[in-house]
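Just so we're on the same page: letters track the sequence lines, and every chain starts at 1.
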Amino acid sequence: MKSLDHLRETMRRDRVFDFMMPRIAFDPDLDTRHGPILYLEDVTVSFDGFKALNGLTLYIDDGELRCIIGANGAGKTTMMDVITGKTRPDSGSVYFGQRIDLLRRSETDIAQGGIGRKFQKPTVFESHSVYENLELAMASNKDVWPTLFARLSGAERDRIDEVLQTIGLGAESRRPAGLLSHGQKQWLEIGMLLMQNPRVLLVDEPVAGMTGQEAERTAELLTSLAGEHSVVVVEHDMEFVRSIARKVTVLHEGSVLAEGSMTEVQSDTRVIEVYLGE
Amino acid sequence: MARSSAQYFIRYPAGAGTNPWLRLLGLLLLLVTACNPLQAQDFSTAVQTLDTKSFSAKEEAISALVETGGDRTLTVLQAMLEGNLHSRNEDGLVVILDDRGGERRIYDAAQGNDLGTVGARETRKIGINNSLRTALRGAIARLNLGSPDATVRLAAVQAMFSELEPRLKPLLQEALAREEDGKVRDLLTTAIAISDLENDDTALQLEAIEILDDSILPEARNRLAVLAEQADSPRLREAAHQALKNIEFRLQLYALAETIFFGMSLGSVLLLAAIGLAITFGVMGVINMAHGELIMLGAYTTYLVQLAMPNHLEWSMLVAVPAAFLVSGAFGVAIERSVIRFLYGRPLETLLATFGISLILQQLVRSAISAQNVTVANPGWMSGSLEINAVLSITYNRLYIVIFALLVFVALLAILKKTTLGLQVRAVAQNRPMARAMGIRSEWVDAMTFGLGSGIAGVAGVALSQITNVGPNMGQAYIIDSFMVVVFGGVANLWGTLVGAFTLGIANKFLEPYSGAVLAKILILVFIILFIQKRPRGLFPQKGRMAEN
Amino acid sequence: MLLTRFMHSDRGGSILLGLLLLAAILVPLLNLAVPESSPLHLPTYTVTLMGKYLCYALLALALDLVWGYCGILSLGHGAFFALGGYAMGMHLMRQVGDRGVYGNPELPDFMVFLNWQELPWYWYGFDMFWFAVLMVLLIPGLLAFVFGWFAFRSRVTGVYLSIMTQALTFALMLAFFRNEMGFGGNNGLTDFKDILGFSLQADSTRIGLFLASVIALAGGYLACRFIVNSKFGRVIVAIRDAETRTRFVGYQVERYKLWLFVFSAVLAGIAGALYVPQVGIINPGEFAPLNSIELAIWVAVGGRGTLYGAAAGALLVNYAKTYLTAAMPEVWLFALGALFVLVTILLPKGIIGLLQRRREGSA
């Protein structure tokens, strides 16, 4: 039955065969005419019977800045894992634009296709210098042979320098990334995200371990990115969320509990009950 | 059928041998002993008639001898079968030669009197040929049918199988009527049925076929095959064919059972070898390449225990199991304390360091004991085999190892599930910092876990010493297989190890007849490489977000 | 010059190449030009031994590339080495022609001995040198490709991969021990006569093979250095340090690993092909898991992730092995075992790391 379904899916007349879809840079053709850039519909993920996501339906609009909050275990990180291809859901569909089925793409394809992710725990390439970290993240042809003979062009050097300025690590560019402070690593990771130049940025707890001032700069940066990019921020720090949020989604036990502006959400009785009211 | 011995007596001179004078002398001698009771005289005469040149005459003489029912008939016939029945040159007396112990001593065949030693040229062997050999075996078997010992009777029936024919049926039926032992009765029934197969009565033959339908004896099969080909009646051919098919099926079933048992036996060896590894690798994430050498140490402990108590071999296993556990366990703890604890979180380095330890342990055994294999004895209760039926028998040592492996498995499961140590081990395996915060001495738990895994390797060595060669290199043979089992079964799951070990063991034994032992091994390796394509975390994976990292 | 610019800031590499150049000049001189009576004369036995060490160094280089830079500890590199060796051995075997014991112009001696009537199909073509060379590159590369494709695709990493590669070489060893495989079974391939028409017994041929090994090691070193200095090199180090992260940056980790693994296997194959004519024999023992794991310790002793360290480690450990197995055979396994333990615990960066620390300490 499964293969029959698969065949039927493959032979659908309104869609190009998967193997004929352009593998990288599906960014330019991205069809967002209906508004949303990310569609998650009825997504369920279970681990050993525990439902990390339970029929989650969520739409992210093109150019939007969205904050996602929720208690521990509400499914925030699992949601990001599903979007980036790290975890395959048991059921449901995830589309990027209207045509690209993310469930059939590898992590690499998704990353190259324009969805960048910053992890909860900052992970940078510790034995590489800050500069090299940015170089590696840079949007370019990432196939094996071109990479083997790659040389940085003048424009690319300028772009790296520009990002170095943005994240304030210009002076550290030759230092191994492993020697940076926690906050600097967070910034470097955001810098790497910028170098990828994605359509959608998934940012998991960007201000953890940052001072108030650093957090403020991060808020500024993320706000400035919205518009050109879609930004999805998962954060625990309510102060930070309040400072950047236009639209907030509250997750609870793997599905959406409430959605709206910060004030709307804060006055929602169910949200107060399960999350804020304690 | 019965013929009087007088007939033979009269025919005797006609079949005279090379030296008629001597034979005449023999006759005279017989006449001299005429004072003996009549039966004894008959017996002596019958024995004497065995010494003739014609094989057919000898065959008739054998039948006659059986008819006399003398006490020494069996002895004489057996001596004849073994080629020890001679005729003395000087007087033609039939004697039994005993040349054990360096000298050629002869005994009067009919009486059993010691007649002293003779030279090699003073007697002449009474020759036998193949058909005579068959006749002798049959005659001996018939005599044995009357033995008071059930095993002798069983052997006697078995010995008669090759010469069964309708002529023997009354004899067998008579034996069946007397018989009380169930096993002998079964065999006799089969034997009667086989002898009925060559009867001319189709109804009787059909009945026999029905009885033989559930026999698996090769003789029954052969006869049925002949019948299926050559019988005149198509009905008979059809019935024989059907019975043969049933027998084939049953034989295949037993062959299957045997393969499965061999597979389980290999599987239990794999289980014993892998289960200690499943603890150190699965629970602690430590690759211990010296695991095979800890098994080897266990086997050598068995060897030393046997050296220390040479007069109590039967009990040596009971001592060796705990001793091996302690020896290997102590080595394990020492390895953990001196090397592995510096390498937590660096699995590849651990692999290399423990490999170095394995080299040191091998060389240690080579230097301290010997580079050669040593012999570990099987205690009496572990040798021999359990015969389930004619085609299926199970050696006791393999049977005990299967049981032993399962016992070890259950014991380990109990330790992990029911004891405080088990609880602490599982806690440390899941979350080290948290366990430490709860007051668990994680370093102590590490050492104990490693000691436990190593001790079990030692116990595995005791079991292995009973079925393979014990030498300094024996550990290496098991390390790759054990890892395959753990990888296949899934890390951190003892049940996975159990299923994995038995699956691989049985699969190996099923492949062997088709591909040979070496190729079977290679195929299994290829299979596992392909298997982890589909299930990278083995048969019983850990699930959830924790497993992702 | 391109080379000097390329080697700039690679001091260890420069020293290695310098030493190789020196050896390439001195060894032929001391062996061929200096008369045998002179104390400066270098016996051919030593030349061959040195050539053998150079092949080991090339093999160590191949392993360092995957282990030191990409974190793939292959315990099956001995298999690629042996396969390259077998490909060369098959060519040398065909070159024997009718000079074998049985004088069969077509079949190698062991096949005549086993009563084989004709050459198995997979021996075709090996009478041509170019074909054999092609196979030296292709067979290890192909095996690495197939194995790597399966292993990397299913994300087998770390110790799992190590064990799998060990199982691979173990399986190959079992297979090559079989007479039916047609590779000489237990005894392997031996009794070679000549290579490209030059007698393998001649001193000048030995020198030629030595020089070929020098060139192969130098070339291998430069190729590896080029790879690790490129952006590709930075990607594989990124994979070593944070594989998942690399994937989310958009690199197809599997392809990078596969490419690197295949390249490394080909290097190992070349090392094996140069090794066989110098030692004069190839047998299934070369597939033994012990060989491959010993190779890992050469790299660890020298210092992984430096390339020249791996080469230095190979030379050092093998010299010690030659010396110890001759002088005190029982001690060798103890020494090797202790080396495994001590290097991993005390010298995680090997001798090169120790030297660097010392230099930094004094500066």
Handout entry: Derivation and outcome, side-chain contact (heavy atoms from CB on, under 4.5 Å), residues C/Ile163 and B/Met289
Key = CA-CA 10 Å; C/Ile163 298 294; B/Met289 293 298 277; 4.3 Å; yes
Practice task
Would you sort out whether B/Ile479 and C/Gln166 count as a side-chain contact (heavy atoms from CB on, under 4.5 Å), showing the intermediate values?
Solution key: CA-CA 11 Å; B/Ile479 188 77; C/Gln166 190 174 32; 5.6 Å; no
Exercise for the section: Among B/Gln476, B/Met484, B/Gln362, single out the residue with the greatest number of heavy-atom pairs under 4.5 Å to chain C. Expected result: B/Met484
Practice task
Please name the pair of heavy atoms, one in C/Val159 and one in B/Pro347, separated by the smallest distance, quoted to 0.1 Å.
Solution key: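 Heavy atoms only, the tightest pair is CG1-CB, 3.6 Å.
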With only heavy atoms counted, which part of [X] is less than 4.5 Å from chain C, the side chain, the backbone, both or neither?
| X | answer |
| --- | --- |
| B/Leu352 | both |
| B/Leu364 | both |
| B/Ile360 | both |
| B/Leu348 | both |
| B/Thr350 | neither |

Within a reach of under 6.0 Å around [atom1] of [X], are more than 12 heavy atoms found that belong to other residues, nucleotides or ligands?
| X | atom1 | result |
| --- | --- | --- |
| C/Tyr122 | OH | yes |
| C/Tyr319 | OH | no |
| B/Phe331 | CZ | no |
| B/Phe342 | CZ | yes |

Practice task
Would you check, one step at a time, whether the test side-chain contact (heavy atoms from CB on, under 4.5 Å) holds for C/Thr344 with B/Val339?
Solution key: CA-CA 9 Å; C/Thr344 46; B/Val339 176; 5.7 Å; no
Exercise for the section: May I ask you to test the C/Met164-B/Val487 pair for a side-chain heavy-atom distance under 4.5 Å? Expected result: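 Side chain of C/Met164 against side chain of B/Val487, heavy atoms only: contact under 4.5 Å found.
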Handout entry: Rounded distance [0.5 Å steps], CG in C/Leu172 versus CD1 in B/Ile522
Key =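 If I round to the nearest 0.5 Å, the distance is 7.5 Å.
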Exercise for the section: Quick one: pull up CD1 in C/Ile345 and OG in B/Ser338 and give me the separation to the nearest 0.5 Å. Expected result: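 These two atoms lie 7.0 Å from each other.
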Exercise for the section: Apply side-chain contact (heavy atoms from CB on, under 4.5 Å) to C/Met181 and list each qualifying residue two or more places apart in sequence or on a separate chain. Expected result: C/Ala175, C/Phe176, C/Arg178, C/Phe183
Problem - Side chain B/Arg346, main chain C/Pro348, donor-acceptor under 3.5 Å - result: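 No: the side chain of B/Arg346 does not pair with the backbone of C/Pro348.
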Practice task
Any chance you could lay out the side-chain contact (heavy atoms from CB on, under 4.5 Å) test for B/Ile357 and C/Phe340, step after step, and finish with the verdict?
Solution key: CA-CA 8 Å; B/Ile357 294 170; C/Phe340 272 99; over 6 Å; no
Problem - Engaged part of C/Leu75 at the chain B interface, taking heavy atoms whose separation is under 4.5 Å - result: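 Side chain only.
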Handout entry: Region of C/Trp67 that comes under 4.5 Å of a non-hydrogen atom in chain B
Key = side chain
